[in-house]
Amino acid sequence: MKMPKKNNLNLKEALRYINLRSRDNARTPFWWDNTLYAGFSTVKPWIKMTDGYKDINTNNNKLLEFYKKCINLRIKSEFNNVFTFGSIKFNRDNPYLFNFIRSYENKSAQFVINFSEEIQKVKIENINNIILNTIDSLDIEDELIIMKPFQGIVLSV
């Protein structure tokens with residue numbers, strides 16, 4: 001569509017022209033909750049709401065809660081200096097696991113992430129505490145941690 005000449009559009013045509021070039025066509029209000037207008041607004045937004053907000057929103061969103069935990073660990077936990085300033089030692093024994101230890105002063109944390117669709121087993125010595133786990137449980141068998149597909153853990157060691 002060519003740019004219309006000045007003063008040649010009525011209001012309806014001008015709005016149509018603007019709407020074709022608006023970024024709002026590719027947007028939707030953010031889905032905070034399942035209330036009317038998804039918690040984005042108390043009045044009807046100018047942008048069309050998507051139907052999925054009633055089922056998919058930030059309430060009880062496991063991924064969002066996991067990121068909040070990660071941020072909280074990085075900022076407020078006793079391991080914040082380990083995560084920020086710690087030296088890194090990688091363990092490359094298993095190509096499906098991203099496995100490393102960060103150490104700073106007298107604290108160490110081990111990060112293990114299973115990047116495969118298969119269960120992986122990893123031996124970790126001196127587990128003191130589970131700092132973070134992407135799954136609700138941690139299976140240990142004969143001194144080996146059983147990593148479920150795509151599971152990630154952070155342990156104090």
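All values reported here derive from a predicted model rather than from experimental measurement. By convention here, the first residue in the shown sequence is residue 1.
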| request: Return yes when atom CZ of Phe150 has more than 12 non-hydrogen atoms of other residues, nucleotides or ligands closer than 6.0 Å, and no otherwise. | output: yes

| field | Qualifying residues under side-chain hydrogen bond (donor to acceptor under 3.5 Å, both in side chains), relative to Asn99, sequence neighbours excluded | value | Gln110

| How many angstroms lie between CZ in Phe40 and OH in Tyr53, if you round to the nearest 0.5 Å? | 13.0 Å

| request: Determine whether the side chains of Arg102 and Ser87 contain a donor N or O and an acceptor N or O closer than 3.5 Å. | output: no

| Over 12 non-hydrogen atoms of neighbours within 6.0 angstrom of CG in Asn10 | yes

| Below 4.5 Å, heavy atoms only, C-beta onward: do Phe83 and Tyr104 meet side chain to side chain? | no

| query | What residues form a side chain to side chain contact (heavy atoms under 4.5 Å, CB included) with Ser156, not counting sequence neighbours? | reply | Phe79, Asn128, Asn129, Ile131

| task | Could you tell me the separation between the CD1 atom of Ile47 and the OG atom of Ser41, rounded to the nearest 0.5 Å? | result | 10.5 Å

| Reported CD1-to-CD1 distance for the pair Ile146 and Ile140, which is rounded to 0.5 angstrom | 9.0 Å

Side-chain donor-acceptor distances from residues 111-125 under 3.5 Å, at least two apart:
residue	atom	partner	partner atom	Å
Asn114	OD1	Ser116	N	3.0
Asn114	OD1	Ser116	OG	2.8
Asn114	ND2	Glu118	O	2.9
Asn114	ND2	Met147	O	3.2
Asn114	ND2	Lys148	O	3.0
Ser116	OG	Glu118	N	3.2
Ser116	OG	Glu118	O	2.9
Ser116	OG	Gln120	NE2	3.3
Gln120	OE1	Asn94	ND2	2.9
Lys121	NZ	Glu141	OE2	3.3

| message | Is it true that Thr28 and Thr50 share a donor-acceptor pair across their side chains at a distance under 3.5 Å? | response | yes

| note | To the nearest 0.5 Å, atom CZ of Arg74 lies from atom CG of Asn80 at 7.0 Å

| request: Output the distance between atom CG (Asp55) and atom CG (Asn34), rounded to the nearest 0.5 Å. | output: 8.5 Å

| note | Looking only at heavy atoms, the pair that brings Thr35 and Gly39 closest together is OG1-N, 3.4 Å

| request: Output every pair passing salt bridge (Lys or Arg N to Asp or Glu O under 4.0 Å) with a member in residues 64-73, not counting sequence neighbours, ordered by first then second residue. | output: Glu65-Lys68

| field | Listed partners of Asn133 passing side-chain hydrogen bond (donor to acceptor under 3.5 Å, both in side chains), at least two apart | value | Gln151

| task | Starting at CG of Leu155, measure out to CG of Leu138 and round the result to the nearest 0.5 Å. | result | 6.5 Å

| said: Thr134: which residues meet the side-chain hydrogen bond (donor to acceptor under 3.5 Å, both in side chains) condition with it, sequence neighbours left out? | reply: none

